[in-house]
Amino acid sequence: MIATAFVSLSTVGDATVGAEAALPVGLSTREHDMSKTTVTVPPMNSPGSVEGGPFDTTLRPNGAAVFSRAFGASQAPTGSSLATSAGRADVVPGLG
């Protein structure tokens, strides 16, 4: 059996248009498909790494509404990808 895991991350920010009070808005969501993630586990006391991607960043309805109010139109339709992200982190052994 093969299991696939997804991790969903949301980007929330305070948004304001004109002189309005700032309000928290859910701008986008990133779903990390863990099958696109590689973990390198080296021998004891050696550095390793975690690499992942690409992952799409999806515009949420509230994010599109804020962009439309601020700029007259949203940069992308709701549910479409605003950007693609990928990353790498080096893992070093703990001091001990």
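Since the model is a prediction, treat every value here as computed from it, not as a measurement.
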* Asked: Rounded to the nearest 0.5 Å, how far apart are OG1 of T78 and CZ of R60?
  -> 11.0 Å

At their closest point, which heavy atom of [X] faces which heavy atom of [Y], and how far apart are they?
{"X": "A86", "Y": "P54", "answer": "CB-CA, 4.4 Å"}
{"X": "S85", "Y": "R30", "answer": "OG-CD, 3.5 Å"}
{"X": "T29", "Y": "S10", "answer": "OG1-OG, 3.9 Å"}
{"X": "R69", "Y": "V17", "answer": "O-CG1, 3.9 Å"}

* Of L59, V66, L82, the residue whose pairing with S74 passes side-chain contact (heavy atoms from CB on, under 4.5 Å) ->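 Per the side-chain contact (heavy atoms from CB on, under 4.5 Å) rule, the option paired with S74 is L59, out of L59, V66, L82.
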
* To do: For the residue pair F67 and V25, establish whether any side-chain heavy-atom pair is separated by less than 4.5 Å.
  => no

* Asked: With hydrophobic residues grouped by side-chain heavy-atom distances under 4.5 Å, do V12 and L27 end up in a single group?
  -> no

* To do: Walk me through it: do D90 and S49 pass the test side-chain hydrogen bond (donor to acceptor under 3.5 Å, both in side chains)?
  => CA-CA 4 Å; D90 290 325; S49 66; 5.1 Å; no

